[in-house]
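Here is the structure we will look at, set down as structure tokens.
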Amino acid sequence: MMAWVAANGGVRAIGGAGETTVRTVDWEDRTSGPELVQPVEDCVTGSLSELRVPVENATLTDASGGRRYDLSEPVALDRGQFLLDCRLAVGGGRTADREPSMELYCRFDGPAFVRRVGDQVVVSLGEERPVTLGFREHCEDPSTVTVPPTPAGVADAISHLSAALRTTGPARSHPSMRDHPPVVEVGDERSIPDAVEAATPETGIELQLPERLEYLFVGAPLAYYLGATVTVEPEATPKLVAPSADVECRFRELPTFQHGVARLLRQVFFYDTLVRDLEGESPACRDALLDRFDLDPATLRRRTPAQRLARYFCVTEPDFDEYLPEWHFSTYAAPEPDNVQSLPYLLDALSLIYLPESSELRGTELLERTLDDFYRSGSHASRRSVASVDRVDPELRAGRIHAWLAGGAPIDAFKTSPQAYENRRRYQDRRGTPLSVTVVLNDEEMYDEHAAVADIYQERSADLPLSVDIEEHLTSAELAEVFASPNDFVHYIGHCDADGLECPDGRFTASSLDTCETRTFFLNACGSYHEGLELIERGSVGGAVTLTKVLDRQAAKVGTAFSRLLVHGFGLEPAMQLSRRRIMMGKDYAVVGDGTYTLAPTPDSPVVGWLERDDGRFRLSCEALTGRRIGDCFQPAFAEESAYHGTATETVLTRDELIEVLSETPLPIIYDSEFHWSDDLAAELATSR
């Protein structure tokens, strides 16, 4: 999915590969210009006198005669028709399922002067003339590994998932250096593609485990990141060995094993971020931490993976936990054969994996009776039969975001499934812009929420093109058509009971669909959990739902906050985590499917701010809140220094400085434990002097 927007001094293209800006001089929009015959996702035409394109490589050809020009030297072109074909240099990320690249076709007429300047190609026309720019993304499917449904087969598959690592050096800690792991299928016969065999690193590191799926699931993230070969024996002591570097790390048995594995992965990953050498990256804390841990980056980068691991084991810092960044994502996965196919998707996000442990939630009969008369649509709604949900209270471990790949409906975690990840991969092939959003109002009493979220989507379309359809009072057949049609996001506002989503002529149930072509959704209706799960099984990637009855006023607060966060680049679960802060009964809302999924492409990780008063001034701490891109750095526009994901930037501001920052930078702010949007908070602070 790509989108382009007009940028200050250029055209900015945003997609799964990241984002890039084509700089232009004297740009003016045009309705017609040179024609492109190449297949593109979208194109834009304008007049300009010069453009600069950041490229990895580029070719220049005569569009009519086919002659190719050598760009190692400047080229002066006479009159004619020309095509510049560029693989763009992009920044900001990658998709979760494939490693994409972004391509630009630039069609223009001569005369012109074309030259390579560093990592840019510059096209100078000398005067304003029409030019057509076409953007396209390329994504390649990951290879498929097939193994028998045995512990030995699963160990074999995990051993090959590290073929996705572009390097076994410390730079593997950056998300751009980790492609999507091969897809895993369970079958009767082993099948490992030659390309996967060739790409699987030989690190000299081995993870030896008992012959049980529980150990394999928990140990998979560590083995993947280290490029370790996984072996199983019936009564093996779980341990990590690297004989060439004299490494032997013994783990305790389950359940303690999962904590030892998680801690070791977090340590190795953190040390890698400190010693790697990436251009343009210089977090303020790095030099001090290297000194504290006595790590020499240049020496460690030259060592083998096994030797580097051995050196990391020698770090003796009693207060290490104080410096360890917060981990981004953990999954609680039932170690069952059906869940093996989910492992590559979890490792792509570098999720820690724990065994699911939970306790039952006790009844809330007194609270329900107290609120009964105030539930959605008053006394009429209180008599509706909402589908019961088997809620569980998970034992959560390390991580800012949590996924539940097991039985029951968790609180404080999103409920995922293998089908959600399969659907995610399928939707990478959907092309086109703008994003398609449909808002459905089937509850007249919730018109205010309907109008508010529609305004949010329309407002965001100024920066990220959105196609917004507003629908009201849809029949069951009409609502079915909405979900069965290609939609990127459907926001349903109405009622739901045990028989489905309410429509003027009856009920719509997701089980009535053959397939669902809606990528993501928000069913803002009482007890919509089961309908949301069914949409996932029918084809959706993820969405927001409710677990029980919800209040009108609370539903509106959550709905508007969730919408705004979603279109500003937050993933489903991070957006819901923040939206739940708007209301007292936040745990009645949940996410199903892949909660790390992001609807709107953004060049940088979305950021949330935490604001505190500090002796007459204000301290603004910012964190990147995402289920992916761990190992990256971020830097808010107003911050002087960058920080690693899992840590925070801090800026101390006067009231006037804070108001200016909040007015110019759209982001969610937590202030006095309450959720605010930055521009709204700026207005409040300005009027409360």
Side-chain angles (χ1 to χ4, degrees), residues 93-99 141-147 153-168 172-186 192 196 199-201 203 205 207 209 213-230 240 258 261-262 264-266 268-269 272 305 327-355 397-399 401-403 405 416-418 420-422 424-425 428 594-597 626-632 645:
R94 45 185 289 273
T95 65
D97 299 300
R98 310 167 197 184
E99 184 61 25
D141 282 314
S143 301
T144 299
V145 167
T146 304
V147 293
V154 175
D156 189 15
I158 295 172
S159 298
H160 286 91
L161 296 185
S162 56
L165 299 177
R166 291 189 175 187
T167 177
T168 56
R172 64 190 170 183
S173 58
H174 194 274
S176 66
M177 304 305 288
R178 303 188 301 270
D179 293 342
H180 191 283
V183 174
V184 175
E185 292 184 356
V186 175
I192 310 293
V196 173
T200 301
T203 62
I205 301 173
L207 182 61
L209 298 175
L213 287 181
E214 298 97 306
Y215 282 93
L216 289 164
F217 271 61
V218 171
L222 179 64
Y224 160 72
Y225 185 74
L226 294 180
T229 299
V230 183
L240 185 73
Q258 54 194 347
V261 165
L264 180 56
L265 174 55
R266 294 178 66 190
V268 173
F269 186 90
D272 274 354
W327 199 251
H328 66 305
F329 180 33
S330 291
T331 301
Y332 308 84
E336 302 168 354
D338 287 347
N339 288 336
V340 169
Q341 61 184 307
S342 298
L343 289 177
Y345 303 98
L346 301 179
L347 301 188
D348 180 56
L350 210 57
S351 172
L352 297 174
I353 299 178
Y354 294 95
L355 300 180
R397 309 295 182 181
I401 297 170
H402 304 273
L405 186 60
T416 191
S417 68
Y421 297 114
E422 290 296 315
R424 179 175 189 135
R425 183 157 65 103
Q428 299 302 326
D594 183 358
T596 69
Y597 196 71
T626 172
R628 296 178 178 271
R629 291 164 74 164
I630 182 67
D632 204 350
H645 280 228

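L352 CG to L347 CG: the interatomic distance, rounded to the nearest 0.5 Å, is 10.5 Å. For the atom pair S417 OG and E422 CD, the distance stands at 10.0 Å (nearest 0.5 Å). Here D348 contributes atom CG and T596 contributes atom OG1; the two are 8.5 Å apart, rounded to the nearest 0.5 Å. To the nearest 0.5 Å, the span separating OG1 on T146 from CD1 on I192 amounts to 7.5 Å.
Minimum interatomic distance between S173 and F269 (heavy atoms only, all atoms of both residues): O-CZ, 3.2 Å. Closest non-hydrogen pair, D338 versus P418, comes out as O-CG, 3.6 Å. Residues P175 and G631 come closest through the heavy atom pair CD-C, 3.9 Å. A pairwise comparison of heavy atoms in V261 and G219 identifies CG1-CA, 4.3 Å as the closest pair. When all heavy atoms of E214 and P335 are compared, the closest pair comes out as CG-CG, 3.6 Å. For the residue pair P182 and P142, the shortest heavy atom distance occurs at CA-CB, 4.3 Å.
At least one side-chain heavy atom of L226 sits less than 4.5 Å from a side-chain heavy atom of R172. With contacts defined as side-chain heavy-atom distances shorter than 4.5 Å, the pair R397/Y332 qualifies. At least one side-chain heavy atom of R178 sits under 4.5 Å from a side-chain heavy atom of I630.
In this structure, R628 fails the cation-pi test against F329, since its NZ or CZ atom is not both closer than 6.0 Å to the six-membered ring centre and inside 45 degrees of the ring normal.
Take A223 and apply the side-chain contact (heavy atoms from CB on, under 4.5 Å) test, not counting sequence neighbours, and it matches I158, L207, A228, V230. Listed by chain and number, the residues in a side-chain contact (heavy atoms from CB on, under 4.5 Å) with T203 are T168, P201, I205, P305 (sequence neighbours excluded). Applying the side-chain contact (heavy atoms from CB on, under 4.5 Å) test to A333 and every residue at least two apart in sequence or in another chain returns F217, T331, I353, L405. Residues that satisfy the side chain to side chain donor-acceptor pair (under 3.5 Å) test with H160, not counting sequence neighbours, are D156, E197. Annotation: salt bridge (charged side-chain N to carboxylate O under 4.0 Å, His left out) contacts of E336 (sequence neighbours excluded): none. In this structure P344 satisfies the side-chain contact (heavy atoms from CB on, under 4.5 Å) test together with L161, H180, P181, V184, sequence neighbours excluded.
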message: Would L350 and H328 count as a side-chain contact (heavy atoms from CB on, under 4.5 Å) here? Give the steps.
response: CA-CA 9 Å; L350 210 57; H328 66 305; 4.2 Å; yes
query: Yes or no on side-chain contact (heavy atoms from CB on, under 4.5 Å) for V145 and E185, after CA distance, side-chain angles and deciding distance?
result: CA-CA 6 Å; V145 167; E185 292 184 356; over 6 Å; no
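Judged by distance alone, the side chain of Q258 and the main-chain N or O of L355 form a donor-acceptor pair under 3.5 Å.
Under the 3.5 Å distance criterion, with hydrogens and angles disregarded, a donor-acceptor pair is assigned to the side chains of Y345 and R425.
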